[in-house]
Amino acid sequence: MSSFDLAEHPHRRYNPLSGEWVLVSPHRAKRPWQGQQEDVQKDARPEYDPTCYLCPTNTRANGEQNPDYPSTYVFENDFGALQASTPEGSYTKNSLLRAESERGICKVICFSPRHDLTLPDMEVADIRKVVDLWEREYLELSKIDFINHVQIFENKGAVMGCSNPHPHGQIWAQSSVPAGPARETKMQQEYFEANGLSLLQDYLELELEENQRIVYSNEHFVALVPFWAVWPFETMLLPRRHIRHLGEMTEEEKDAFADAIKKLTKVYDQLFNVSFPYSAGIHQMPTDGEEHTGWHLHMHFYPPLLRSASVKKFMVGYEMLGDPQRDITPETSAGRLRSLV
Ligand code: H2U
Ligand code: ZN
């Protein structure tokens, strides 16, 4: 029997942020990559759409009118999944049936007044304005007593259930720390207390050393396919410095963040010659008043596409019942993405 090879043999990879494992089956994806690279086909969209509830000056579902905003615009979601006015309360029976009321605030962020743009089409200076808005919102929401976690995210593309092509993202801020960030909080704090450096700082150093999964880097940020990635072209954007939240970023770091977002999303669009769908979001320390010394801000990109503009990965079968699984290795994915930078 040959010796164990990550590029050959089925194996499990550990995610030290979540404590979970992913099954990797590289032998199933050894076909060479012969995809063509063409310019991204744009579906022709107007700069302004009179029927879009996010475009400037238009009226939303609740009758409110958007201002004629020149760059970014934020408003409270008219159909928020969480509400600030929810009364406290709980429901318990025999410890098996449990429910607790949950308070929160949901917002919608328009990235640009232009209906026809997406993040990769925007100027870095304009993406920087989005970063500034994310920072302002995180800091403002974190001051509210009952808000203990702020999730900033973007759902892009109809395949992700996004209802409107106007470039926008969302914020869900709430009193509980949701399960994903709660796991990351625990794992990062334990690592920091044991090692004195942040988990992601040490991880980044390993990645830079191995140089197999890096997609793009600038002075302050690195975009890479995590060793433990689940989605075929999943990536993570990591600041080189150990910062816990957007409020700790320097001006230069915020510029570099905007630049990295532009580069990465542009590469994504080129991969299958389509406006690349994904869910992306920034993980930052919970706003529960704890110090969270181990927290290292990062941004996850989870794109569903596997082989082409229309062939996506399904998380089904074994994956719903056991663990997630992938064929193409993170190293191969990173190579393909990197070749498009
Ligand atoms: P998507 O990113 O999933 O398309 O969500 C857009 C959000 O915009 C969605 O959460 C909100 C929806 O509740 N919305 C408003 O707040 N006002 C409207 O007039 C329509 C949609
Ligand atoms: Zn619009």
Side-chain angles (χ1 to χ4, degrees), residues 40 42-86 102-123 126-127 129-131 133-134 136-138 140-141 144 147 149-176 178 180-181 231 234 261 264-265 268-269 274-283 299-305 309 312 315:
V40 175
K42 294 269 161 169
D43 42 304
R45 275 208 304 272
E47 286 186 23
Y48 167 77
D49 176 351
T51 67
C52 166
Y53 58 80
L54 298 177
C55 273
T57 72
N58 291 355
T59 304
R60 299 204 305 275
N62 69 347
E64 239 172 85
Q65 194 191 7
N66 297 327
D68 193 5
Y69 61 95
S71 59
T72 58
Y73 175 56
V74 60
F75 61 91
E76 205 152 312
N77 195 317
D78 303 315
F79 309 96
L82 295 153
Q83 294 175 330
S85 57
T86 301
E102 180 74 6
R103 291 176 80 189
I105 298 171
C106 294
K107 294 189 175 186
V108 178
I109 292 179
C110 300
F111 296 157
S112 162
R114 286 269 303 266
H115 185 78
D116 59 333
L117 299 184
T118 59
L119 282 176
D121 308 318
M122 287 167 61
E123 302 292 334
D126 291 327
I127 300 177
K129 289 177 189 152
V130 177
V131 172
L133 182 59
W134 286 338
R136 264 199 316 278
E137 286 296 326
Y138 174 85
E140 253 171 51
L141 287 162
I144 300 174
I147 296 296
H149 187 264
V150 178
Q151 186 57 62
I152 295 172
F153 65 96
E154 178 191 8
N155 255 350
K156 181 171 171 239
V159 66
M160 298 308 291
C162 180
S163 60
N164 185 329
H166 193 114
H168 70 283
Q170 298 194 40
I171 303 178
W172 292 22
Q174 65 188 103
S175 30
S176 304
W231 295 93
E234 176 179 335
I261 289 171
L264 180 61
T265 53
Y268 271 156
D269 278 5
V274 68
S275 182
F276 207 66
Y278 58 71
S279 279
I282 307 170
H283 273 159
M299 184 163 184
H300 294 284
F301 283 82
Y302 299 124
L305 294 186
K312 66 171 195 151
M315 284 277 211

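In this text the structure is predicted, and so the values were computed from the model without any measurement. Order of listing sets the numbers, starting from 1, for every ligand and every atom in it.
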Inset, instruction - Check each atom of ligand 1 against the heavy atoms of D78 and keep those under 4.0 Å away; list them by number with element. - result: 15 (C), 16 (O), 17 (N), 18 (C), 19 (O)
Inset, instruction - Output the atom name for the N/O/S atom of H115 with the smallest distance to the Zn ion (ligand 2). - result: ND1
Inset, instruction - Could you grab the distance from atom OH of Y53 to atom CG of N66, nearest 0.5 Å is fine? - result: 10.5 Å
Legend entry - Enumerated ligand 1 atoms positioned under 4.0 Å from heavy atoms of F79: 13 (O), 14 (N), 15 (C), 17 (N), 18 (C), 20 (C)
Inset, instruction - With heavy atoms of C162 as the reference, note each atom of ligand 1 found under 4.0 Å away. - result: 2 (O), 4 (O)
Legend entry - Spatial distance of atom CE (M299) from atom CD1 (I261) [nearest 0.5 Å]: 4.5 Å
Legend entry - Nearest non-hydrogen partners of C52 and H166, listed with the distance: SG-ND1, 3.6 Å
Legend entry - Nearest-option assignment for atom 7 (C) of ligand 1, heavy atoms, candidates N155, I109, N77: N77
Legend entry - Distance filter under 4.0 Å to A61 heavy atoms, resulting ligand 1 atoms: 18 (C), 19 (O)
Inset, instruction - Answer yes or no: is there a side-chain heavy-atom contact under 4.5 Å between H115 and N164? - result: yes
Inset, instruction - Go through ligand 1 atom by atom and flag the ones less than 4.0 Å from a non-hydrogen atom of S163. - result: 1 (P), 4 (O), 5 (O), 6 (C)
Legend entry - Under 3.5 Å side-chain donor-acceptor pair for W172 and Q174: no
Legend entry - Euclidean distance, Y138 OH relative to H149 NE2, rounded to 0.5 Å: 8.0 Å
Legend entry - Nearest-neighbour protein heavy atom for atom 3 (O) of ligand 1, which is reported as residue plus atom name and distance: Q170 NE2, 3.5 Å
Legend entry - Geometry at the Zn ion (ligand 2) - C52 SG versus H166 ND1 angle, rounded to 10 degrees: 110°
Inset, instruction - Go through the steps to decide whether Y278 and E154 satisfy the test side chain to side chain contact (heavy atoms under 4.5 Å, CB included), and finish with yes or no. - result: CA-CA 8 Å; Y278 58 71; E154 178 191 8; 2.7 Å; yes
Inset, instruction - Give yes or no for whether the N/O distance cutoff of 3.5 Å, strictly under, is met between H168 and ligand 1. - result: yes
